[in-house]
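Values in this document were obtained by computation on a predicted structure and should not be read as measured data.
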Amino acid sequence: MNRYGLIGFPLTHSFSQRYFSEKFSREGIANSQYDLFEMPDVTALPKLFTLPNLRGLNVTIPHKQAVLPYLDRLDAAAEKIGAVNVIKLEADGTKTGYNSDYYGFRQSLTDWLTTLGRSPDDLKALVLGTGGASKAVTVALQDLGIPYQFVSRTKTDGYLTYDEVESVLPAYHLLINGSPIGTYPKTDQAPALPYSQISHQHLLYDLVYNPAETLFMKRGLEQGAAVHNGLRMLELQAEKAWEIWQS
Ligand SMILES: NC(=O)c1ccc[n+]([C@@H]2O[C@H](COP(=O)([O-])OP(=O)(O)OC[C@H]3O[C@@H](n4cnc5c(N)ncnc54)[C@H](OP(=O)(O)O)[C@@H]3O)[C@@H](O)[C@H]2O)c1
């Protein structure tokens with residue numbers, strides 16, 4: 001039996017467990033099992049690594065950075081981001097960390113731009129929020145050659161505040177919500193943007209996937225912008241994790 005699973009705390013509902021359990025049965029992948037390993041303290045990780053036939057782990061809050069000292073290697077994107085959400089255990093015991101959010105975002109953005117007939121070369125991005133997800137987004141933007149600015153609630157060197165967005169909006173057409181604002185059940189909330197200044201040239205990408213159409217997206221649609229939610233990124237990051245574990 002090949003074992004896979006998710007570590008984090010608390011683990012109440014898990015997209016990954018449902019995704020992989022359904023994948024195993026749909027694709028007839030035998031001898032594979034995906035479990036939740038609720039882990040309040042990351043110091044329990046070395047013991048979990050000794051579980052027989054453990055091939056791979058997903059990592060979620062609060063351990064995405066804390067797992068780094070327990071790994072032997074990081075792939076290039078995970079190294080730049082400084083956070084890992086996929087661990088691969090090799091037959092020789094080597095443990096490598098990856099960031100599949102990076103791949104999920106990058107691929108979903110590239111596919112969307114192709115569908116829209118828009119080139120990354122003509123875009124500059126505003127990334128709302130400065131947490132782990134936004135970090136993965138900005139490394140992907142960097143690798144795609146899309147210049148970006150972070151937008152934060154807190155005035156910090158190099159970051160724009162929400163009050164400063166209006167003046168740059170005409171030059172930044174890709175707006176990415178990397179904050180949790182608008183997530184169910186607080187669906188009546190949206191990032192504090194000057195929505196009336198958004199035009200049909202703007203592209204609004206929300207990392208939030210529940211609800212499928214967030215208030216951020218609705219407000220963009222009202223202004224004629226193109227919108228995208230976070231579901232495809234979520235699916236692609238799970239697929240990438242599987243590809244990593246099988247490679
Ligand atoms: N679709 C996917 O595959 C995928 C993958 C990863 C994450 N996500 C989603 O992306 C979002 C962010 O994830 P994360 O782990 O980076 O979350 P996080 O660390 O909790 O928050 C990200 C940033 O959002 C800003 N923020 C937090 N609360 C806010 C509020 N009340 N109002 C305005 N800004 C706020 C903060 O930046 P400042 O303090 O600088 O403003 C914070 O650093 C979540 O909704 C998560 O579900 C989706």
Side-chain angles (χ1 to χ4, degrees), residues 6 8 10-23 25-27 34 36 58 60-61 64 85-86 99-118 120 123 125-129 131-138 140-141 144 146 148 151 162 165 172-196 198-242:
L6 173 67
L11 294 179
T12 39
H13 59 281
S14 157
F15 166 86
S16 300
Q17 189 185 32
R18 200 177 61 238
Y19 184 89
F20 284 111
S21 302
E22 285 174 9
K23 180 182 174 70
S25 77
R26 187 179 62 243
E27 296 180 18
Y34 191 101
L36 298 181
N58 284 122
T60 189
I61 294 165
K64 287 186 179 186
N85 73 332
V86 175
N99 192 305
S100 68
D101 285 342
Y102 164 91
Y103 293 99
F105 174 75
R106 183 180 169 150
Q107 187 63 50
S108 60
L109 177 66
T110 309
D111 292 348
W112 187 41
L113 293 180
T114 303
T115 308
L116 294 172
R118 298 281 292 260
L123 287 172
L126 294 179
V127 180
L128 316 178
S134 293
K135 190 80 208 320
V137 161
T138 57
L141 292 173
L144 290 169
I146 300 177
Y148 64 86
V151 180
Y162 285 89
V165 167
Y172 287 77
H173 287 165
L174 177 58
L175 310 181
I176 301 161
N177 180 32
S179 85
I181 291 295
T183 305
Y184 179 85
K186 296 182 179 170
T187 55
D188 58 348
Q189 298 184 359
L193 297 177
Y195 288 95
S196 63
I198 287 173
S199 74
H200 67 279
Q201 286 181 299
H202 284 95
L203 312 176
L204 275 60
Y205 188 122
D206 204 334
L207 263 61
V208 175
Y209 45 85
N210 181 19
E213 190 175 284
T214 61
L215 186 55
F216 170 70
M217 293 164 63
K218 278 197 186 100
R219 294 223 167 139
L221 283 171
E222 284 164 11
Q223 298 298 124
V227 301
H228 195 287
N229 72 19
L231 184 60
R232 192 66 194 129
M233 171 176 171
L234 190 67
E235 293 168 348
L236 285 168
Q237 68 76 26
E239 272 309 304
K240 184 68 189 182
W242 182 248

After noting the C-alpha distance and the side-chain angles of Met217 and Leu204, does the key distance pass the side-chain contact (heavy atoms from CB on, under 4.5 Å) rule?
CA-CA 7 Å; Met217 293 164 63; Leu204 275 60; 5.6 Å; no

As an exercise, state the distance from CG of Leu126 to CG of Asn177, rounded to the nearest 0.5 Å.
11.5 Å

Going by heavy atoms in the side chains, are Leu11 and Ser14 under 4.5 Å from each other?
no

Test: salt bridge (charged side-chain N to carboxylate O under 4.0 Å, His left out). Region: residues 215-236. Which pairs qualify, not counting sequence neighbours?
Arg232-Glu235

Distance (rounded to the nearest 0.5 Å) between Leu236 CG and Asp101 CG
11.0 Å

State, with a plain yes or no, whether a side-chain heavy atom of Phe216 is found less than 4.5 Å away from one of Tyr195.
yes

For Ala238 and Phe20, work out which heavy atoms get closest and say how close.
O-CZ, 3.4 Å

Determine whether the aromatic ring centres of Tyr34 and Tyr19 lie less than 6.0 Å apart.
no

Ser134 side chain to Gly129 main-chain N or O, any donor-acceptor pair under 3.5 Å?
yes

Taking all atoms of both residues into account, what is the closest heavy-atom pair of Ala133 and Leu207, and its distance?
CB-CD2, 3.7 Å

So which heavy atom on Gly182 is nearest to which on Thr214, and how close?
O-CG2, 4.4 Å

If you round to the nearest 0.5 Å, how far is CG of Leu116 from OG1 of Thr114?
9.0 Å

Do Val137 and Tyr205 come within less than 4.5 Å of each other through their side chains, counting heavy atoms only?
no

Do Ile146 and Leu109 have side chains that approach each other closer than 4.5 Å (heavy atoms only, starting at C-beta)?
yes

Quick one: are Leu128 and Leu193 in side-chain contact, heavy atoms under 4.5 Å?
yes

Do you know which two heavy atoms are closest between Ser100 and Gln237, and how far apart they sit?
OG-OE1, 2.9 Å

Keeping Ser21 on the side-chain end and Arg18 on the backbone end, is there a donor-acceptor pair under 3.5 Å?
no

Considering non-hydrogen atoms only, spot the tightest contact between Ala212 and Asn229 and give its length.
O-ND2, 2.8 Å

What's the spacing between Leu174 CG and Leu123 CG if we round to 0.5 Å?
5.5 Å

Is any side-chain heavy atom of His228 closer than 4.5 Å to one of Leu203?
no

Would you mind reporting whether Val86 and Asn58 have side-chain heavy atoms less than 4.5 Å apart?
yes

Taking side chain as C-beta onward, heavy atoms only, is Leu175 less than 4.5 Å from Ile198?
yes

Parallel under 30°, tilted from 30 to 60°, perpendicular over 60°: which one fits the rings of Phe15 and Tyr209?
tilted

Can any side-chain N or O of Gln107 pair as donor or acceptor with the backbone N or O of Gly104 at less than 3.5 Å?
no

